[in-house]
Amino acid sequence: MLEDEYQLDFFKNNGFVRKQCQKCGKFFWTRDPERNTCGDAPCDPYSFIGSPVFSREFNISEMREYYLSFFEARGHTRIDRYPVVARWRDDIYLTIASIADFQPFVTSGQVPPPANPLTISQPCIRLNDLDSVGRSGRHLTTFEMMAHHAFNKRDNEIYWKEHTLELCDELLTSLKVDPFAVTYKEEPWAGGGNAGPCVEVIVHGLELATLVFMDLKTDKKGDILIKGETYSKMDNYIVDTGYGLERFAWASKGSPTIYDALFPGIVNELMGLAGIEHELDNSEYANILAQNARLAGFMDVSEKANLIELRKKVASSIGMTVEKLSAIMEPVEKVYAITDHTRCLTFMLGDGIIPSNVKAGYLARLVLRRTLRMMKDLDIRIPLSEIVDMHIKNMPEYPEFRNNFPVIQDILESEEEKFNATMERGRRIIQKSASHFKKTGEKIPLSQLTELYDSHGIPPEMAKEVAAEIGVGVEFPDNFYSIIGELHNKAEAKEEQVIPFAERLIHLPKTKRRFYDEPTRLDFEAVVLDVFDNHIVMDNTFFYAEGGGQPADLGTVTCGDAMYRVVDVQVYEGIIVHTVDIPGRKLEITKGDIITGKVDEKRRMALARHHTATHIVNDAARKVLGKHIWQAGAQKFEDHSRLDLSHYRHISPQEIRQIELLANRTVMENKRVVTEWMTRTEAEQIYGFGLYQGGVPPGEKLRIVKVGDDVEACGGTHCLSTGIIGPIKILKTERIQDGVERIEFAAGDAAVRAMQKMESLLVDSAKTLSVPPEHLPVSVERFFGEWKDLKKENERLKEELARTRVYRMLGDASEVAGLRVVAESVVGADSLELQKIATELLKQENVVALLASDVEGVKLVASVGEKAIKCGINAGNLVREMSKIVGGGGGGKPSFAMGGGTDPTKMQDALARGLELVKDACKEA
RNA sequence: GGGCUCGUAGAUCAGGGGUAGAUCGUUACGUUCGCAACGUAAAGGCCGCGGGUUCAAAUCCCGCCGAGUCCA
């Protein structure tokens with residue numbers, strides 16, 4: 001149905017013909033009338049390996065520069081790359097394409113693009129083909145998508161399909177690509193709620209670029225069907241191209257693998273460290289790699305079965321056994337993967353991702369640990385930071401990485417330590433489990449293996465290895481990781497936020513938010529636009545609606561004689577809804593009424609203080625801890641505020657004190673808080689993405705708030721100058737996730753109260769010990785030490801007392817069938833004391849002891865010597881019977897048992913019953 | 001955001017309602033010119049914190065704090 005979309009004058013005027021691929025059935029355009037296949041793998045093999053397709057070789061920097069200046073010379077503005085962590089998006093963690101930079105606000109037309117048309121080389125990270133990296137010869141986790149974009153509107157078209165194709169063809173021609181070798185394959189594109197026609201640009205089996213013409217959006221009522229979804233045309237339509245920088249460089253060199261083309265220095269260095277002779281001059285060796293890459297181009301090698309298939313094919317094509325080939329390829333593939341992964345880490349950490357166990361941080365740790373495992377396999381013993389350093393040296397065009405290197409190095413070091421600790425712990429756990437199954441003669445079952453992986457991070461490969469050392473097998477199926485996947489596949493769909501009264505709200509205009517223009521004013525009049533239940537919408541308001549981690553303003557609205565308390569204020573699509581409290585009466589406000597509003601000043605000020613203070617603490621933390629500090633969340637309250645920061649280790653007490661001091665200095669400087677509205681693009685260009693500490697607000701215009709050195713896009717209410725905040729007191733820090741530290745603090749009145757509370761805790765504690773507060777630490781330590789000593793002393797004394805009692809008791813003991821039976825109540829003895837006595841008596845093998853005391857109800861202890869046990873006397877049974885009498889229960893081993901009850905008056909009865917039981921048992925024996 | 005595992009001696013960990021244990025380390029003594037090794041002995045525990053159940057909780061239940069780990 002999109003066929004017409006591809007009938008371009010460009011093709012017609014340049015001698016192209018449209019053909020259908022004999023192998024895959026897809027349509028493509030070519031200048032070569034003889035061609036019958038689309039040119040893409042697997043229909044056509046890689047034919048550029050060993051025969052480069054450009055007139056000269058390019059490395060990455062040269063290729064990037066060639067591309068960008070090519071498009072600059074043709075009317076495009078070059079713009080700087082965006083970070084690889086997509087901080088301006090809340091739907092993805094990583095930047096996966098150049099167009100991601102402009103979603104959602106530019107692509108939707110809400111915000112103008114930074115330039116139009118523009119060209120960019122955007123580093124992207126995709127981890128979906130992680131298992132293929134290194135094996136296929138072509139997969140990368142990190143790549144630069146070179147692109148030119150044109151953002152068209154119906155009334156303002158920059159250029160569309162024809163010119164895009166012209167530019168692409170001109171670019172390839174300028175690189176001296178054989179025009180007959182280029183094919184343009186028709187391949188409708190869809191993703192992320194948009195779609196459109198698209199052509200893939202293929203040269204010698206390698207897809208070099210994708211030209212997407214995004215002009216459709218998902219629409220349930222749409223009449224265009226693509227891949228099972230319906231779409232309709234958009235008012236704005238976008239040229240979204242993607243040229244693979246690394247693939248261009250590879251094609252220019254024709255190396256056996258993309259890795260050898262991109263970073264030969266690092267590959268060679270690592271090969272050397274792994275003891276691999278990586279001599280691409282050796283034609284036999286180079287041929288193995290080339291053949292592997294060519295054949296891997298046909299298949300998805302992330303599947304184990306496919307990988308085995310690939311090995312067989314390569315082996316037979318070069319006349320080698322599969323075993324020998326695997327032995328050669330596996331280490332080489334690992335070196336390639338390590339090279340790629342460390343480049344990925346360079347971008348991730350360089351752009352400020354902190355490894356963690358959640359979100360983007362988890363992805364960084366995933367890549368990092370994969371790398372460490374492979375390095376361990378190859379016995380490459382250098383710190384990760386050394387390899388990252390090599391990448392940074394290779395990329396002088398990213399000076400920010402060099403600047404961040406000390407922090408990167410620090411992070412990598414602590415991650416390596418954590419990894420080693422985890423592996424060491426894992427090794428012990430497996431050893432324990434393996435020796436357990438060695439006894440039973442079984443394999444370690446799958447359930448155990450999944451738990452080891454899921455709960456302890458022990459890869460099954462490692463479990464297998466360690467278990468083998470002990471001589472135990474493991475149940476390790478090929479689909480292990482998909483089993484793990486299923487374990488986690490029970491995720492429930494999250495509820496969508498339901499907007500109440502949505503159908504009535506859509507007819508209302510956006511509420512004018514007057515607190516921005518007159519931040520100190522709290523009284524106002526407004527016209528009621530609509531009322532439903534106890535919710536009121538007005539034409540304007542001074543009430544701040546909950547948002548940006550700041551709770552709503554509260555206060556009152558008055559209409560005539562009726563006054564209502566405002567208990568909540570929310571905003572829906574710019575319309576502010578005030579909720580009032582009407583316990584047991586009717587709301588006497590109707591549409592068209594004029595009301596008087598009054599905002600609770602105390603609350604407003606407390607929240608403003610905490611909000612402005614949050615910006616200051618965030619800035620102070622960045623100054624103390626480093627530039628990688630990023631706000632991971634924040635919430636303000638009247639009496640405290642909390643701020644979550646990305647950081648790779650615990651914030652030390654010294655650092656906290658420093659942050660607190662710095663924050664209070666900013667307060668004391670009493671700097672004016674400046675707010676201004678700017679267009680999004682302008683603000684991003686001036687201040688960078690650091691603006692989005694508190695998330696990405698929608699809309700074309702941003703409210704920029706400057707507090708001291710801190711600049712953020714923020715819609716909250718703030719103090720007019722920092723001095724108004726008053727003192728800032730940090731209350732505590734905690735680690736809410738790996739890689740995220742939470743700072744809780746109070747500002748203004750709340751800070752003073754917090755300090756007073758802390759002081760009274762101190763004073764009260766000191767009073768109890770009758771010492772001045774400054775002696776508290778020493779005194780507490782002394783008391784605790786003494787308490788421990790006394791506890792020990794007490795126990796020793798009880799033992800001694802027990803020993804002396806034992807002599808007397810043995811003397812008083814009655815004799816039953818050659819056994820010495822003690823049945824006594826010990827006044828004032830607790831259960832510990834009874835135990836000591838019973839234990840002492842147990843040293844005599846012919847003794848039966850029945851002891852009781854009436855401390856805390858009734859305690860009973862029985863001990864039975866070895867000889868007595870042989871007579872059939874069981875301490876557990878005795879205590880069980882005796883305990884019943886005193887209204888409780890008990891039990892234990894044949895030689896020693898404890899019990900008790902609640903009724904002390906029956907204590908003697910219980911002892912008598914015990915004695916009786918002993919006598920009975922002796923008779924029977 | 002969701003799931004799982006774990007907090008016991010300085011370290012590593014057993015135990016899993018009824019007398020708190022092992023190994024290493026520490027200290028002392030013995031052997032030695034001394035060290036290592038060995039032998040003997042000792043010291044070292046709010047069993048993470050707070051509730052609950054029970055005659056009795058390190059152990060079971062709930063909450064909190066802390067650590068680890070997997071997935072989206």
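Computed from a predicted model, the values in this text were never measured in an experiment. In the text below, chain A, chain B and the rest are named by the order of the sequence lines, each starting its count at 1.
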| request: May I ask you to verify whether the side chain of A/Thr839 and the base of B/rU19 hold a donor-acceptor pair under 3.5 Å? | output: yes
| Does A/Asp454 get its side chain close enough to the base of B/rU69, under 3.5 Å, for a donor-acceptor pair? | no
Could you tell me whether [X] contacts a base, only the sugar-phosphate backbone, or nothing, with contacts defined as non-hydrogen atoms closer than 4.0 Å?
X	result
A/Arg365	sugar-phosphate
A/Gly892	base
A/Gly901	sugar-phosphate
A/Val358	base
A/Tyr481	nothing
A/Lys836	nothing

How many Å lie between [atom1] on [X] and [atom2] on [N], as a whole number?
X	N	atom1	atom2	answer
A/Asn357	B/rA67	CG	P	10 Å
A/Asn877	B/rG18	CG	P	17 Å
A/Ile430	B/rU12	CD1	C1'	16 Å
A/Met423	B/rU69	CE	C1'	10 Å
A/Asp738	B/rG66	CG	P	13 Å
A/Lys798	B/rU19	NZ	P	16 Å
A/Leu449	B/rU5	CG	P	17 Å
A/Ile92	B/rA72	CD1	P	16 Å

Between [N] and [M], how many Å separate the two [atom1] atoms, rounded to a whole number?
N	M	atom1	value
B/rC64	B/rG7	C1'	14 Å
B/rC35	B/rG30	P	12 Å
B/rA28	B/rG68	C1'	39 Å
B/rA56	B/rG10	P	30 Å
B/rC65	B/rC29	C1'	44 Å
B/rA43	B/rC6	C1'	29 Å
B/rC4	B/rU40	C1'	47 Å
B/rU54	B/rC61	P	16 Å

Who is the Watson-Crick or G-U wobble partner of [N], with both distances under 3.5 Å?
N	result
B/rC6	B/rG66
B/rU54	none
B/rC47	none
B/rA22	B/rU12
B/rG34	none
B/rU40	B/rA28

| Whichever of A/Ile458 and A/Leu860 has its nearest RNA chain B nucleotide further upstream toward 5' | A/Leu860
| said: Nearest heavy atom decides the nucleotide; on that basis, is A/Ile429 or A/Thr733 closer to the 5' end of RNA chain B? | reply: A/Ile429
| message | With the criterion set at under 5.5 Å between ring centres and under 30 degrees between planes, would B/rU69 be stacked on A/Tyr453? | response | no
Choose from [options] the nucleotide whose nearest atom is closest to any side-chain atom of [X].
X	options	answer
A/Lys359	B/rU69, B/rG68, B/rA72	B/rA72
A/Arg369	B/rU19, B/rC70, B/rC46	B/rC70
A/Thr422	B/rU19, B/rC55, B/rG68	B/rG68
A/Glu734	B/rG68, B/rU19, B/rG66	B/rG66
A/Lys792	B/rG44, B/rA20, B/rC55	B/rG44
A/Arg428	B/rU12, B/rU19, B/rG68	B/rU12
A/Lys788	B/rG68, B/rA67, B/rG45	B/rG45
A/Arg735	B/rC46, B/rU69, B/rG68	B/rG68
A/His650	B/rU19, B/rU69, B/rA67	B/rA67
A/Lys859	B/rU19, B/rC70, B/rC55	B/rC55

| Any residue meeting salt bridge (Lys or Arg N to Asp or Glu O under 4.0 Å) with A/Asp903, in chain and number order, not counting sequence neighbours | A/Lys906
Would you confirm whether [X], through its side chain, and [Y], through its main-chain N or O, come within 3.5 Å as a donor-acceptor pair?
X	Y	value
A/Ser831	A/Lys859	no
A/Lys438	A/Ile470	yes
A/Glu475	A/Pro445	no
A/Arg89	A/Ala100	yes

Look at the rings of [X] and [Y] and say which category their plane angle falls in: under 30° parallel, 30 to 60° tilted, over 60° perpendicular.
X	Y	answer
A/Phe689	A/Tyr82	tilted
A/His640	A/Phe637	parallel
A/Tyr453	A/Tyr481	perpendicular

| query | Should A/Leu911 and A/Leu915 be marked as a side chain to side chain contact (heavy atoms under 4.5 Å, CB included) after you check the CA-CA gap, both sets of side-chain angles, and the distance that decides it? | reply | CA-CA 6 Å; A/Leu911 284 173; A/Leu915 201 55; over 6 Å; no
